[in-house]
Amino acid sequence: MFDLKAIRENPSDFDAAMARRGLEAQSHDILTLDEKRRAVQTALQTLQQERNEKSKEIGKVKAAGGDAQETMDAVSAIKDKMTALEDQDRDLGEELKTILSSLPNIMKDDVPDGADENDNVEIRTWGEPKNRFGANDCPEHYDIGEKLGMMDFETAAKLSGSRFVLLSSQIARLERAIAQFMLDTQTEKNGYTECSPPLLVSTDVMYGTGQLPKFQDDQFETTDGRWLVPTSEVVLTNIVREEIVEAESLPRRYTAFTPCFRKEAGSAGRDTRGMLRQHQFYKVEMVSITHPDESDAEHERMLKCAEGVLEALEIPYRTVVLCTGDTGFGARKTFDIEAWMPGQNAYREISSCSTCGDFQARRMNARFKAKGEKKTDFVHTLNGSGLAVGRTLIAVMENYYDPADGGVVIPDVLKPYMGGIEKIVKA
RNA sequence: GGACAGAUGGCAGAGCGGUUGAAUGCACCGGUCUUGAAAACCGGCAUGGGUUUAUAGCCCAUCCAGGGUUCGAAUCCCUGUCUGUCCGCCA
């Protein structure tokens, strides 16, 4: 959501920002509606003032035992005029909200221009992109997992349809170990507060982080009007919804390990094999609520927190800045971390760290106030994967695949979570 | 799921349909007093919007949300949401 005053003062800046998103100029339509609405409001308020004054008079006259019928009739007449204006005010307000809530966030100046993921800009790489045991034609994770007998897509399809998986035995445990390790890292090492949040949320909450109204088709809605979270960013960010928090309590850092549910409506045919793109997957999420002055530094910090997980797992990766054409709806700037996947011989996205500025905060009405200060302002919100658990499982399986026996070696940092297992092999 | 009770400013808590945007206490901020602090005393202290050069003034809205009754609603009526208590069911 946007500051109408800012658009009013600088319509061409707003249009330029939307142009970077590939959208037509919006300010003219917005400002026309805004002007109409303010005119209606001014007229309405004048009538309200008149009504209030006359009603008070009636009170006085009646208290003195007089007859106020004439004034009462006059107020009735005012009321009739007000109804039409009230309707107009409401309609114009809704129209305005419809437009504003469907427009994407304004991107930061340093986001590179570009059309799609091919124009993203690499900022660093870490590690040697190759399987650590020298496998030349490393199989993909589903081949490794199916040969081990611990990754079953057919049974999952029987249970739930496509884009689901049934993990079992030590691969199931490995997934859990990865999640535990990530959660411990984000809490103990990086200072995020662990949360175990609701996974079904209200429409307002989905609106607050920007999933609604525009991306309804990607979401699972329940029969009683709730929504399955597509990421715990939604819940963690909305913790401060409708709140005025003390500036001294910022930054607030939250993390959660939760399932994520997505329809993947727009990606039919993409990544159909394996568990890269599923309707349900686990993710450890990081969310930071910051003072506006601190969000840039927090963004860099969050990126390091995510990268640190891959470094601890010794999985090669590269980090990119998303270009304008690839940056998500709610973000002002996004870093993607792509893990090396030997089976695909490619880097694949495993984390996305975004700063949203005040975009979500405005939608949520989440503000802060300095102690003793009168003025409130919107907080900044950031979110990042720390990391996607399913994709990390893939990365571990392919990077730690041992061609000698088709097994998967357990990374050192995960060993404490694996109950003494050093390597997963076929039973 | 059933029955009852409730929802008021940062918190607690008053409030007869008519100068109530809202008593009072606490918290907070400023001041007096004090070497300093505490206490005491004095003053201030909601949010959003319109108008405006203005974070000045004026005006409007807001006492959970949305409708309604009325010349006038925190106060009356309806619906919804949430909270509490009891009953039922249950991991």
Side-chain angles (χ1 to χ4, degrees), chain A residues 1-10 30-97 99-101 196-208 212 221-227 235 238-250 252 259 289 292 358 361-379:
Chain A
M1 193 60 83
F2 307 96
D3 184 4
L4 267 175
K5 272 187 194 155
I7 300 176
R8 229 180 271 156
E9 281 162 20
N10 238 322
I30 293 171
L31 292 181
T32 305
L33 275 173
D34 176 48
E35 249 168 70
K36 260 196 224 169
R37 186 176 185 215
R38 279 184 296 147
V40 168
Q41 282 182 335
T42 305
L44 180 60
Q45 287 178 7
T46 309
L47 289 176
Q48 285 169 328
Q49 184 181 353
E50 212 178 314
R51 177 201 61 189
N52 291 346
E53 282 166 359
K54 288 217 159 81
S55 290
K56 277 183 187 171
E57 265 176 52
I58 294 169
K60 277 187 212 164
V61 170
K62 285 204 158 183
D67 175 27
Q69 191 56 47
E70 205 174 307
T71 321
M72 281 161 71
D73 292 345
V75 180
S76 288
I78 293 171
K79 224 174 71 169
D80 292 341
K81 279 194 263 179
M82 279 171 59
T83 313
L85 287 172
E86 278 167 353
D87 290 348
Q88 279 183 51
D89 180 35
R90 199 193 47 241
D91 292 349
L92 288 168
E94 270 169 23
E95 216 175 316
L96 206 47
K97 193 183 168 186
I99 295 178
L100 289 174
S101 64
S196 177
L199 304 177
L200 290 173
V201 297
S202 70
T203 299
D204 287 347
V205 165
M206 291 285 273
Y207 176 87
L212 296 179
E221 185 176 10
T222 64
T223 53
D224 63 351
R226 280 181 254 263
W227 305 82
V235 235
N238 274 280
I239 288 174
V240 291
R241 138 183 223 87
E242 304 276 334
E243 299 269 340
I244 300 172
V245 302
E246 282 184 20
E248 290 73 18
S249 75
L250 301 175
R252 294 198 186 184
I289 313 294
D358 63 4
R362 284 180 182 279
R363 297 170 81 103
M364 297 189 298
N365 198 21
R367 292 164 295 170
F368 72 94
K369 184 158 77 169
K371 215 179 169 81
E373 291 279 318
K374 211 178 161 183
K375 191 91 186 107
T376 63
D377 197 4
F378 293 103
V379 297

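Letters A, B, ... are given to chains in the order of the sequence lines, protein chains preceding strands, and every chain is numbered from 1.
- Residue A:Val75 is the one, among A:Val75 and A:Arg226, whose nearest nucleotide of RNA chain B lies closer to the 5' end (criterion: closest heavy atom).
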What verdict does the side chain to side chain donor-acceptor pair (under 3.5 Å) test give for A:Gln69 and A:Asp73, after you've listed the backbone C-alpha separation in whole Å, the side-chain angles of each residue and the deciding distance to 0.1 Å?
CA-CA 6 Å; A:Gln69 191 56 47; A:Asp73 292 345; 3.0 Å; yes
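- Note on A:Arg367: only backbone sugar-phosphate atoms sit closer than 4.0 angstrom, heavy atoms only; bases stay farther off.
- Comparing B:A65 with B:G9, their P atoms are spaced 10 Å from each other, to the whole Å.
- What separates CZ of A:Arg363 from P of B:G48 is a distance of 20 Å, to the nearest Å.
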Show the distances under 3.5 angstrom between N or O atoms of the protein and N or O atoms of nucleotides 78-81 of chain B.
none

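- For the pair A:Gly208 and A:Arg241, the tightest heavy-atom approach, listed with the atom from each and the gap, is CA-NH1, 4.2 Å.
- Applying the Watson-Crick and G-U wobble criteria (two distances, each under 3.5 Å), B:G6 pairs with B:C82.
- Residues A:Leu100 and A:Ile7 are in side-chain contact: their nearest non-hydrogen atoms beyond the backbone lie under 4.5 Å apart.
- A search for ring-ring contact (aromatic ring centres under 6.0 Å, His included) contacts involving A:Phe2 returns A:Phe14, A:Phe359, not counting sequence neighbours.
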5' to 3', nucleotides 52-62 of chain B under a 4.0 Å protein heavy-atom cut-off (B base, S sugar-phosphate only, - none) gives -------BSS-
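- Not a single salt bridge (charged side-chain N to carboxylate O under 4.0 Å, His left out) links A:Asp377 to another residue, sequence neighbours left out.
- A:Ile78 and A:Glu50 make their closest contact through CD1-OE2, 3.5 Å (heavy atoms, listed as atom of the first residue, atom of the second, distance).
- Across all strands shown, the partner of B:C58 is B:G50, judged by Watson-Crick or G-U wobble contacts whose two distances both fall under 3.5 Å.
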At under 4.0 Å between heavy atoms, how does the protein contact nucleotides 15-23 of chain B? Give one character per nucleotide, 5' to 3', with B, S or -.
---B-----
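- In this structure, A:Phe368 places its CZ atom 17 Å from P of B:G10, rounding to the nearest Å.
- We find that CE of A:Met72 is positioned 9 Å from P of B:G72, with the value rounded to whole Å.
- Atom CG of A:Leu44 is separated from atom C1' of B:U51 by 15 Å (rounded to the nearest Å).
- Side chains of A:Asp204 and A:Ser202: a donor-acceptor N/O pair is absent below 3.5 angstrom, by distance only.
- Counting any heavy atom pair closer than 4.0 Å across all strands shown, A:Ser76 reaches sugar-phosphate atoms only and no base atom.
- Under the 4.5 Å side-chain criterion, counting only non-hydrogen atoms from C-beta, A:Asp89 is in contact with A:Arg37.
- In this structure, A:Arg8 reaches the sugar-phosphate backbone alone: every heavy-atom distance under 4.0 Å involves primed, P, OP1 or OP2 atoms, never a base.
- Rounding to whole angstrom units, CD of residue A:Glu35 and C1' of B:U51 are separated by 15 Å.
- Annotation: B:C64 and B:A12 have their P atoms spaced 14 Å apart (nearest Å).
- Pair assignment for B:C63: none, as no Watson-Crick or G-U wobble contacts are both less than 3.5 Å.
- Put simply, CG on A:Asp377 is 14 Å from C1' on B:G48, counting in whole angstrom units.
- Between A:Lys5 and A:Asp3 no salt bridge is recorded (no basic side-chain N to carboxylate O distance below 4.0 Å).
- No donor-acceptor pair under 3.5 Å is formed between the side chain of A:Asp358 and the backbone N or O of A:Phe378.
- Under the salt bridge (charged side-chain N to carboxylate O under 4.0 Å, His left out) criterion, A:Asp34 pairs with A:Arg8, A:Arg38, sequence neighbours left out.
- Following rounding to the nearest Å, A:Asn365 (CG) and B:G48 (P) show an atom-to-atom distance of 8 Å.
- The distance from atom NZ of A:Lys369 to atom C1' of B:G10 is 8 Å, rounded to the nearest whole Å.
- A 3.5 Å limit on both hydrogen-bonding distances identifies no Watson-Crick or G-U partner for B:C89.
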